[in-house]
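To start, the structure under review is shown below, and the notes come after it.
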Protein chains: 2
Amino acid sequence: MNDQGMATQGGSKRKYVRLKATNDPDETRADILAVAQEQFARHGYAGTTIDSIAAKTKRSKRMIYYYFSSKPKLYKAVLENAYRGIRVAEESIRLDEDDPRQSIKNLVEFCFDYHFERPSFVKMVMGENLNDARFVSASDEIKNLHFPLTQRIEKCLRKGYENGYFGRTCTAVEMHMTITALSFFNVSNQATFSAIFDIDMKSPAVCRARKQEILLAVLGRLDTKLDDGFSTEYR
Amino acid sequence: MNDQGMATQGGSKRKYVRLKATNDPDETRADILAVAQEQFARHGYAGTTIDSIAAKTKRSKRMIYYYFSSKPKLYKAVLENAYRGIRVAEESIRLDEDDPRQSIKNLVEFCFDYHFERPSFVKMVMGENLNDARFVSASDEIKNLHFPLTQRIEKCLRKGYENGYFGRTCTAVEMHMTITALSFFNVSNQATFSAIFDIDMKSPAVCRARKQEILLAVLGRLDTKLDDGFSTEYR
DNA sequence: CCCATAATGTTCTAGTTGGTACATTTTTCT
DNA sequence: AGAAAAATGTACCAACTAGAACATTATGGG
């Protein structure tokens, strides 16, 4: 792989990429990053030791400091990499279907699947929240990554409301939060929920049912007219 | 406080409770437990040091080992205490209203508020999930605490469906999961969401709107008939 | 009032962990 | 080929941490 001598996606600025891989900084960086994500996700920031990362790496501990300088900087690199992943993936969601309900369905399906298939991303985000989002707050890159999606959702919601597909509407951020919450929780709290209610939330059947459930709640939110005889205002 | 010489709620088995509080095991235990919950919630299991707990306690580190033997046992005590708290509180939710939609509303409101007001409980649960629910799985007490609520929810859902209040129904566990997910996420991911979308999710206005949003989704789920022209089956 | 015991304080240690100093090999450029 | 620079390996340390050893005080029954 990468034996064409072409530039790699990594941050290396060398003119010519070496063909032999005895010393391979890009590979080393990527290796460290992948192992670090796995470890930080599983054991949290404090629970992860640089030694444990190094042990699972093809290179030595020295390399972690060589490329990432310190534990917090390594963590930050992992986190930004993770957020970049979901934001890029979101671009491919189809939100311009003729029937906006189909767009919302696409959104739910993407969100559910993305989280379900990437538990270590979910755990990274959980870790950040336990840490009061210290690293997310400090990263301009992460904070500037979300605008596109909410704007597209807003467009979709407006279309659905104006064309009479949705009886109600809500803000794009609220919609995004609802869908994300349901998709996220399905993974983030899988361990305790599975243990307490004695179900296997990873099984295809349960997973399928849950996805359908989420879709019903989300579409129900946009569709319902329950004003008849029951006020939803809080007393 | 507790100057009547009556038995305290703690595990002490002394016949007579001391009136002076120079040595006060119940108080010491409770103090340690509260501080420990706060610390474990904020910094996770690995991130919390016994020394840091001791420093915030009125007593010394020695007492932590005196009453709780080890770090994992202290953690387990904190966790069981936290779960006991919510299960007991759940008993007071009114789920037998004439209008089952009101029951569901009560449930949503309770769940939302309980989590919102107890971020450290939420964080404990997050920590457990990051740890693959190791302690929850090992605690029979926690696992046997949930039955009452789901049974009551099921009764409420059946009544609502049979009496025509709900156009659809679902299992009690699904309903519980949906409501919990939305309420839980609102707290668990507050930090990253607030940072990324630049909103203050702790403000009363945002909080109120969010609660309403959740209620609409949940009731919408039970109410909607969207079979007209749009199938929710996955293709 | 005295003593067994419960409750608390102080000091130390063995093991870990983030990070560094120093040494060595590999690659690139001329 | 040979020197400079990049990449990697090894050995080590200072700080921290869970827990234990040892010492002391407070309490309540007789």
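Proteins get letters first, then strands, A, B, ... in listed order; numbering begins at 1 in each.
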Original post:
Using the benzene-type ring in the case of Trp, are the ring centres of A:Phe135 and A:Tyr45 under 6.0 Å apart?
Top reply: yes
Subject >> Separation of atom CD in B:Gln39 from atom C1' in D:dA18, rounded to whole Å >> reply: 16 Å
Original post:
Should the pair A:Asp198-B:Lys143 be classified as a salt bridge under the 4.0 Å nitrogen-to-oxygen rule?
Top reply: no
Original post:
Tell me: CZ of A:Arg29 to P of D:dT8, nearest whole Å?
Top reply: 12 Å
**OP:** Using atom CG of B:Asp26 as one end and atom C1' of C:dA7 as the other, report the distance to the nearest whole Å.
**Re:** 12 Å
**OP:** Go through D:dG9, C:dG19, C:dA7 for me and flag the one nearest to the B:Tyr66 side chain.
**Re:** C:dA7
Original post:
Would you say B:Thr28 reaches C:dT8's phosphate, i.e. side-chain N/O to OP1/OP2 under 4.0 Å?
Top reply: yes
Original post:
Atom NZ of B:Lys73 and atom C1' of D:dA18: how far apart are they, to the nearest Å?
Top reply: 14 Å
Original post:
Can you check the A:Met63 CE to C:dT25 P distance for me, whole Å?
Top reply: 15 Å
Original post:
B:Thr49 has a side chain; which of D:dA18, D:dA7, D:dT10 sits nearest to it?
Top reply: D:dA18
**OP:** Among C:dG19, D:dG9, D:dA18, find the nucleotide with the atom closest to the side chain of A:Arg59.
**Re:** D:dG9
**OP:** May I ask you to decide whether B:Glu90 forms a salt bridge with B:Arg152, counting only side-chain N to carboxylate O separations under 4.0 Å?
**Re:** no
**OP:** Provide, to the nearest angstrom, the distance between the CD1 atom belonging to B:Ile64 and the P atom belonging to C:dA7.
**Re:** 16 Å
Original post:
What does B:Thr48 touch in the nucleic acid at a heavy-atom separation under 4.0 angstrom: a base, only the sugar-phosphate, or nothing?
Top reply: sugar-phosphate
**OP:** Check every strand shown and say whether A:Phe68 touches a base, only sugar-phosphate, or nothing at a heavy-atom separation below 4.0 Å.
**Re:** nothing
**OP:** Using atom CD1 of A:Ile50 as one end and atom P of C:dG18 as the other, report the distance to the nearest whole Å.
**Re:** 6 Å
Original post:
Where the side chain of B:Arg62 is defined as all heavy atoms beyond and including C-beta, which of C:dG18, D:dC22, C:dC22 is the nearest nucleotide?
Top reply: D:dC22
Original post:
Does a side chain donor of either B:Thr192 or A:Glu128 reach within less than 3.5 Å of an acceptor in the other side chain?
Top reply: no
**OP:** Would you check, one step at a time, whether the test ring-ring contact (aromatic ring centres under 6.0 Å, His included) holds for A:His146 with A:Tyr83?
**Re:** CA-CA 10 Å; A:His146 68 286; A:Tyr83 268 99; over 10 Å; no
Original post:
Given D:dT8, is OP1 or OP2 found less than 4.0 Å from the side-chain N or O atoms of A:Tyr65?
Top reply: no
**OP:** Measure the distance from NZ on A:Lys61 to C1' on C:dA21 and round it to the nearest whole Å.
**Re:** 13 Å
Subject >> Candidate nucleotides C:dT8, C:dG18, D:dA18, ranked by approach to the side chain of A:Lys71 - the nearest >> reply: C:dG18
